[in-house]
Amino acid sequence: MMGKEYRVSIATLTDYHLQDFIRCPYQFYVYHIEKISTQENWRKMVQLVVNQVVSRYYKLPPVSQTTKKVMELIDEHWRVMDVRHFESKIHYYTALAKITDHLIQSLTSGKNEYPPLFLYEKFHMNIDELGTDLSLTLDVAEWSTNSFIIKKYLIDINEEMNVLFIHMISVFCQKAFGRLPERIEIISLMDGEMNKYIPTMNDVSDGLEYLNIIKNRIQDPKNYLKTDCLTVCNSCS
């Protein structure tokens with residue numbers, strides 16, 4: 001039982017920690033703070049497959065970046081998937097069909113003449129205004145005319161997740177590179193939706209304020225009390 005004065009210590013704010021916290025604070029506490037292993041859920045497993053497929057696709061020469069190759073990469077990596085981690089067989093095959101369709105659409109929509117600036121590179125730096133380190137993985141960063149474009153491939157997103165990544169990417173790029181990306185693209189692969197956003201310096205100041213709020217929420221033990229089973233996700237421990 002957590003004491004009233006207990007505070008969760010946060011040495012580093014990472015993108016995957018914040019995603020998990022936004023989805024379900026209780027499960028975040030069990031897995032990341034108590035270090036209790038929970039059953040792998042389908043979303044995390046599919047995200048790993050997507051990361052592998054996108055990474056390998058972008059490493060191919062332009063002539064090999066085809067629809068057929070995307071399908072081959074998905075087939076190769078999807079084999080490790082266990083249907084039992086999904087809600088049903090229908091859910092399993094529906095997820096496979098949607099992810100395949102939307103990955104093909106996104107990846108083959110334009111030819112990549114130059115290698116990406118970054119490809120699933122993890123960056124780590126101290127942010128004085130947060131009093132902590134910030135860790136962020138940039139999925140794909142492509143050169144643009146004036147700057148660069150950041151692409152984030154996610155299984156599904158909601159408004160909170162959108163806000164999280166816009167703020168994290170804006171803060172991190174300005175602090176680490178001294179400039180903002182020309183555009184941020186967040187691709188939701190279950191529904192094929194792409195959110196495009198042009199960041200400004202206001203997003204940096206708003207982002208610092210937002211991340212401080214999230215940090216304080218994570219550190220407050222009251223956010224981990226499971227008091228109402230109707231308000232937590234189905235995959236909770």
Side-chain angles (χ1 to χ4, degrees), residues 6-52 54-55 116-141 148 150-177 180-181 184-189 195 197 199 203-221 223-224 233 235-237:
Y6 180 84
R7 297 282 288 177
V8 176
S9 176
I10 300 297
T12 303
L13 287 175
T14 71
D15 45 359
Y16 59 90
H17 283 156
L18 297 181
Q19 284 185 78
D20 286 353
F21 179 78
I22 286 174
R23 287 196 185 280
C24 178
Y26 182 76
Q27 196 170 43
F28 168 90
Y29 183 84
V30 170
Y31 185 74
H32 292 292
I33 307 301
E34 291 290 344
K35 308 295 185 184
I36 298 174
S37 295
T38 57
Q39 182 180 0
E40 288 290 336
N41 65 60
W42 70 273
R43 186 179 284 104
K44 288 186 177 181
M45 294 176 64
V46 175
Q47 185 68 64
L48 181 60
V49 168
V50 166
N51 295 352
Q52 293 168 328
V54 173
S55 179
L117 178 61
F118 302 122
L119 185 60
Y120 287 96
E121 289 196 36
K122 187 173 183 178
F123 294 90
H124 187 105
M125 71 177 300
N126 182 262
I127 306 294
D128 291 337
E129 294 92 334
L130 299 177
T132 187
D133 290 348
L134 187 66
S135 177
L136 175 66
T137 298
L138 296 179
D139 294 10
V140 179
F148 52 92
I150 301 290
K151 294 184 177 182
K152 190 77 180 172
Y153 291 88
L154 297 173
I155 303 309
D156 52 8
I157 57 175
N158 53 33
E159 186 57 33
E160 280 188 285
M161 210 65 70
N162 234 12
V163 170
L164 168 66
F165 280 109
I166 287 171
H167 283 143
M168 280 199 82
I169 292 171
S170 298
V171 168
F172 194 90
C173 287
Q174 180 61 35
K175 294 291 185 181
F177 311 134
L180 290 169
I184 298 170
E185 298 180 0
I186 302 176
I187 300 104
S188 175
L189 293 170
N195 293 301
Y197 189 80
D203 294 302
V204 178
S205 54
D206 290 347
L208 288 168
E209 183 178 352
Y210 171 87
L211 290 171
N212 261 317
I213 291 171
I214 293 290
K215 175 189 171 185
N216 290 332
R217 284 177 59 193
I218 289 175
Q219 290 177 322
D220 189 344
N223 288 312
Y224 304 110
C233 61
S235 61
C236 255
S237 304

> Stepwise, does the side chain to side chain contact (heavy atoms under 4.5 Å, CB included) test hold for Glu185 with Ile150?
Replying inline: CA-CA 6 Å; Glu185 298 180 0; Ile150 301 290; over 6 Å; no
>> As a quick check of understanding, evaluate side chain to side chain contact (heavy atoms under 4.5 Å, CB included) for Leu154 and Ser188, giving each step before the final call.
In response: CA-CA 5 Å; Leu154 297 173; Ser188 175; 5.9 Å; no
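By the salt bridge (Lys or Arg N to Asp or Glu O under 4.0 Å) test, Glu121 is found to be paired with no residue, residues two or more places apart in sequence or in another chain being considered.
Remark: Asp139 engages Lys152 in a salt bridge, criterion side-chain N to carboxylate O under 4.0 Å.
Between the side chains of Asn51 and Gln47, a donor-acceptor pair is found at a separation under 3.5 Å.
Side chain of Asn212 to backbone of Glu129: a donor-acceptor contact under 3.5 angstrom is found. Formation of a donor-acceptor pair under 3.5 Å by the Lys215 side chain with backbone atoms of Leu13 is not found in this model.
When all heavy atoms of Pro181 and Pro199 are compared, the closest pair comes out as O-CG, 3.3 Å. Shortest non-hydrogen contact noted between Asp203 and Ser170 is CB-OG, 3.7 Å. Residues Tyr153 and Val140 share a closest heavy-atom pair of CE1-CG2, 4.0 Å. For Leu18 against Met168, the heavy-atom pair with the smallest separation is CD1-SD, 3.6 Å.
Taking the centre of each ring, Phe118 and Phe123 come in below the 6.0 Å mark.
Looking at heavy atoms from C-beta onward, Tyr197 lies out of side-chain contact with Asn162 at the 4.5 angstrom threshold.
Screening residues 159-170 for salt bridge (Lys or Arg N to Asp or Glu O under 4.0 Å), with sequence neighbours left out, gives no hits.
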